[in-house]
Every structure is written in structure tokens, then in C-alpha cells.
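All residue numbers in this chain count up from 1 along the given sequence. Bear in mind the structure is a predicted one, so any value in this text is a computation, not a measurement.
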Amino acid sequence: MASSTAATTGTAHVPANDAAGATAATTARATLVLDPAFSVGPVRRRTFGAFVEHLGRCVYTGIHDPGHPTADEDGFRGDVIDLTRELGVSTVRYPGGNFVSGYRWEDGIGPVDQRPARLDLAWHSTEPNTVGVDEFMRWARKAGVEPMMAVNLGTRGVQEAVDLLEYCNIASGTALSDLRRAHGTEEPHGVRMWCLGNEMDGPWQIGHKTAEEYGRLATETARAMRMVDAGLELVACGSSSTSMPTFGEWERIVLTEAYEDVDLISAHAYYWEDDGDLASFLASAVNMDRFIDDVVATADAVRAARKLTKRIHISFDEWNVWYLNASASRAPEKDWPVAPALLEDHYSVADAVVVGGLLISLLRHTDRVHSASLAQLVNVIAPIMTEPGGRVWRQTTFHPFALTSRHAAGEVLRVKLDSPTHETARFGETPLVDAVATHDADSGEVVVFAVNRHTTEPVTVEVDVRAFGALDVTEALTLSSDDPYARASADDDTSLAPRPNETATAEGGAVRIELPPVSWSVLRLAPAGA
């Protein structure tokens with residue numbers, strides 16, 4: 001694997017700041033060696049996807065708020081569209097998530113005043129269907145993102161998936177394509193990426209299935225959809241998380257059935273700080289690295305057993321920090337409200353550092369992770385927050401995503417990392433520093449993304465860039481705070497934004513930067529004199 005987290009042989013062990021108050025005795029140092037000859041693969045724009053589900057206030061008062069001062073003729077908030085563009089989102093997965101397993105897509109087309117309201121069993125809410133397929137596609141065009149559609153394989157099946165595909169992608173001349181045109185959308189939506197259901201191994205899922213049941217249904221659905229359009233990119237459901245008893249065996253059984261009919265398999269992972277264990281939380285990317293490696297190993301084992309040449313890649317289409325027990329996940333049982341406030345986590349600097357670390361993991365596995373979706377985009381465990389009819393603001397997690405999306409370009413480099421380590425309760429001995437780098441051959445720019453996982457002490461990092469010739473530091477930004485639990489708000493979403501890191505210097509073939517404790521940084525380097 002390309003993970004840098006294993007490259008710590010011969011380095012010093014630095015005590016973590018634990019519950020007893022132990023701190024590092026000396027300033028730690030780490031080194032990175034970069035060389036353009038050693039790349040993992042291209043930076044994939046689809047790595048910077050997001051997720052819009054009919055859940056809580058993600059859609060209603062999130063992307064759609066007709067009474068808002070910035071709302072356009074379709075009721076979409078212009079301020080949210082502006083921040084979606086600033087965030088650098090490439091794809092958006094829709095309409096779920098758990099929601100999709102009970103969704104009737106036909107409810108969300110045609111005249112809005114004639115659409116039925118339905119019970120949403122996944123989130124114990126009422127879905128008014130004010131926003132449906134055509135509205136979402138219009139929003140996606142305005143936001144400049146690629147739609148990634150999911151089909152309901154919980155309560156529905158092959159025919160409904162094919163019908164939705166016909167409605168979306170056939171130009172004209174059939175009942176459903178002409179129905180779309182009658183609803184005001186002359187041109188087909190042209191959706192290329194399709195998820196075949198969602199988390200079907202989860203007992204919480206409407207229409208929960210065994211691996212054998214789902215594998216067969218996914219295969220049948222994929223084959224039928226390819227009869228309509230052979231060029232689709234199809235994502236089979238992987239297990240819902242590594243903690244599921246089905247994990248591993250689920251992927252093996254599903255891919256044994258569906259391997260030749262799908263292109264990717266999904267991975268989902270959420271992380272949170274547990275019982276004050278900040279050191280383990282900051283090392284969450286260790287788990288993501290192992291997760292990706294395990295799914296790759298399983299997929300390749302099926303490939304070998306089936307004697308096939310095609311490789312299955314990963315769609316990491318749900319990932320984020322999510323405090324599952326800290327915010328409401330279902331409306332009160334006695335009510336079925338429309339767009340209740342659910343899963344509205346308020347993120348800290350530490351949460352943002354973890355998000356930046358997870359992006360490092362996704363990038364360094366770019367050879368096998370071909371798509372990813374931060375879950376979700378607005379209000380629901382999201383980088384963008386809104387007030388109904390009011391303000392919009394950026395959470396701390398907005399910044400590492402936006403800057404990584406903006407500056408990662410060209411090839412992802414295979415980083416040789418030598419870092420001191422410390423002991424964590426969940427992951428054992430882990431590197432204090434984690435990093436990945438990209439190289440754009442056209443501009444010559446090298447960009448390093450790095451985190452310092454130590455809870456109290458800085459780490460000095462030296463980057464060996466002799467293989468590139470002389471490089472200058474063009475920008476160095478660091479997200480950190482004296483209080484790792486500091487949070488942004490609607491009143492102030494700028495004080496905790498990344499700030500210039502004045503410690504970054506370049507001399508000869510070496511670049512040095514000091515990373516504060518609990519920090520995420522981006523370091524941009526360009527050919528000297530450019």
C-alpha cells in the first residue's frame with residue numbers, strides 16, 4: 001500500500017499527552033522525502049465529492065429555502081451555492097443514504113402542488129417532495145457539480161431503477177423521457193454514476209438484505225441498467241462499516257456475484273472523539289488506511305479467484321466526523337415533522353484536523369479510491385451551516401476540504417515519511433505526523449498536506465525536495481488553535497480559518513516548517529524564480 005503511516009522504523013517514541021498529563025520532553029522532528037519519479041496515481045477530482053440526502057435540514061432550509069433573500073427562481077439559496085463552489089465540491093451523491101431505501105422517485109416529479117407527502121421511515125420525518133429529481137439536477141448545474149444518483153434497492157428493485165434511468169438519461173421518444181420533457185427539462189440529465197442501493201447489510205436499513213440476496217439484486221439491476229446505457233459507472237454497496245460483523249465477508253460474497261457488472265464498491269466510515277481520547281481521535285486516518293487496504297485485498301482476492309483482469313475500485317461515498325450520540329438522529333416518535341434539525345454537529349478545530357487527515361488518507365490511496373463523498377454538504381454533519389431564512393457560515397471542517405480540493409493537482413506522490421511516534425489507546429503506536437504530497441508537472445508546483453497529531457507539542461518537519469531542483473515556498477497555511485475544541489459560529493466563522501505559517505522556509509533542497517500541536521497545514525512550493 002501507499003500509506004505513509006507504516007514508515008516509522010528507527011524513529012523516536014514521543015509520549016502522548018494522556019489523562020495523567022504526561023507531555024513530550026523534547027521538540028519532535030519528522031522528515032519527508034519527495035520524488036516526482038514515485039507517484040501513486042493521478043489526483044482525482046471525484047475525491048472531492050459531497051452528499052445531499054433528504055435528511056434533517058440538508059435539503060429544506062439547506063440548499064432549498066424559497067423565502068431566503070438570496071433564493072433564485074427555483075428556491076435555491078445563492079449563498080449556499082456560492083459556498084459549495086468555494087468548498088470545491090466535484091460530485092454530489094443524492095438522494096441518500098438511508099432515505100433512498102424507501103424513496104419513490106416518481107413522487108418528486110411534475111407539478112409541485114400535486115406531489116404527495118410521504119412518511120420517511122429512515123429519519124422519522126415527513127417528506128413533502130418539494131425537491132425531487134429535476135430540481136436537484138438544476139441545483140447541481142448551478143453549483144457546478146456532477147450528480148451521483150442512488151437507486152432504491154430496499155423497497156423497490158430492477159424496474160424502478162431502469163425507469164429512473166430512462167427518465168434521467170434518454171433524450172426523447174419514450175414514455176418516461178417524454179414525461180421529463182413535459183415537466184420542463186428538454187435535455188437529458190446524463191447521469192453517469194449510480195449507486196445500487198445504500199448500506200444494505202445494516203439492520204437499520206429499510207429492506208435490509210443478506211449478502212447473497214443483495215449481490216443477486218445488484219447484479220440483476222446493473223445488467224438491466226447497462227441494457228439502457230452500457231457506459232454507466234455503477235457502485236455496489238460494501239459493508240456499512242468495519243465494525244459490522246458482515247465486513248469483509250459481505251464484500252467477498254457481493255463481488256463474487258456482481259464483479260463483472262459493477263465498477264466500484266462503496267466504503268463508509270465516521271469518526272468521533274470517544275471519552276476524551278483526543279490522541280486516538282487525531283489518528284483516525286490509521287483506521288481509514290486499514291479499511292481501504294482491507295477492501296482492496298478482498299476485491300483483488302475475488303478477481304484472482306474469478307481469473308479476471310478488470311479491477312474493482314472504491315467509492316468512499318460516506319465519510320466524516322460524526323458524533324452519533326451528541327445530536328438528534330430521529331424526530332420525536334410522536335411527530336413526523338418536515339425537515340427537523342437532525343445531526344447538526346458543531347465542529348471544533350480538532351474535528352477539522354481529523355477531516356484534513358482523512359483527506360490525506362483518501363489521496364494517498366488514489367490508485368484504488370476513485371470517488372469519495374463527504375457526508376454531508378449542508379447542516380447535517382456538514383461543513384456549511386445555514387439559518388432558515390438567515391445567515392450561512394463555514395464550520396472549521398470547511399477549510400481543509402476547500403484548500404485540499406483547490407490545491408491538490410497532477411500526481412499524488414508516494415511519500416517517504418520518517419516520523420516520531422506515540423502510543424494511542426485505540427491504534428497503538430502511531431506516527432505523530434501524517435502527510436501526503438501532490439506534484440503538478442505542468443506548473444511544477446509541489447503541495448504538501450500535513451497534520452500534527454500531538455496534543456500539546458509542535459513538530460518540526462523537514463521536506464527533502466532535492467529531486468525537484470530548487471523550490472521556493474509560495475504559501476504555507478496552518479489551521480490550529482490554543483484551544484483544540486474551539487468552534488466557529490454564525491457570528492464568527494473567520495477567526496479559526498487557516499493562517500499563514502511564518503516558520504516555513506526553503507534552502508537548497510530542503511524545506512522546513514513547524515507544525516503546531518493538533519494542526520492541519522498546506523505547504524505550497526514552486527520552482528525557484530517562477
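Between Phe291 and Phe316, the ring planes lie perpendicular to each other; the angle is over 60°, past the 30° to 60° tilted range. Using a 30° and 60° split on the angle between ring planes, Trp319 and Phe401 fall in the parallel class, below 30°. Taking the six-membered ring for Trp and thresholds of 30 and 60 degrees, Tyr103 and Phe99 have ring planes inclined between 30 and 60 degrees apart.
Residues Val354 and Leu282 come closest through the heavy atom pair CG2-CA, 3.9 Å. For the residue pair Asp335 and Pro337, the shortest heavy atom distance occurs at C-CD, 3.5 Å. Nearest approach of Gly97 to Asn198, heavy atoms of both residues: C-ND2, 3.2 Å. For Leu363 against Ala408, the heavy-atom pair with the smallest separation is CD1-CB, 4.4 Å. Residues Arg93 and Ser373 come closest through the heavy atom pair CB-OG, 4.1 Å.
Using a cutoff of 4.0 Å between basic side-chain nitrogens and carboxylate oxygens, Arg252 and Glu249 are scored as salt-bridged. Salt bridge absent: Arg414 and Asp367 never bring a charged side-chain N and a carboxylate O closer than 4.0 Å.
There is a side-chain donor-acceptor pair under 3.5 Å between Asp134 and Tyr167. Of the N and O atoms on the side chains of Glu429 and Thr421, at least one donor lies less than 3.5 Å from an acceptor on the other residue.
A heavy-atom distance below 4.5 Å is found between the side chains of Val295 and Phe247. Considering only heavy atoms from C-beta on, His268 stays 4.5 Å or farther from Ser240 through its side chain.
If you look at His346 and Trp393, their ring centroids are closer than 6.0 Å.
Crowding of Phe38 atom CZ: a count of heavy atoms from other residues, nucleotides or ligands under 6.0 Å not exceeding 12.
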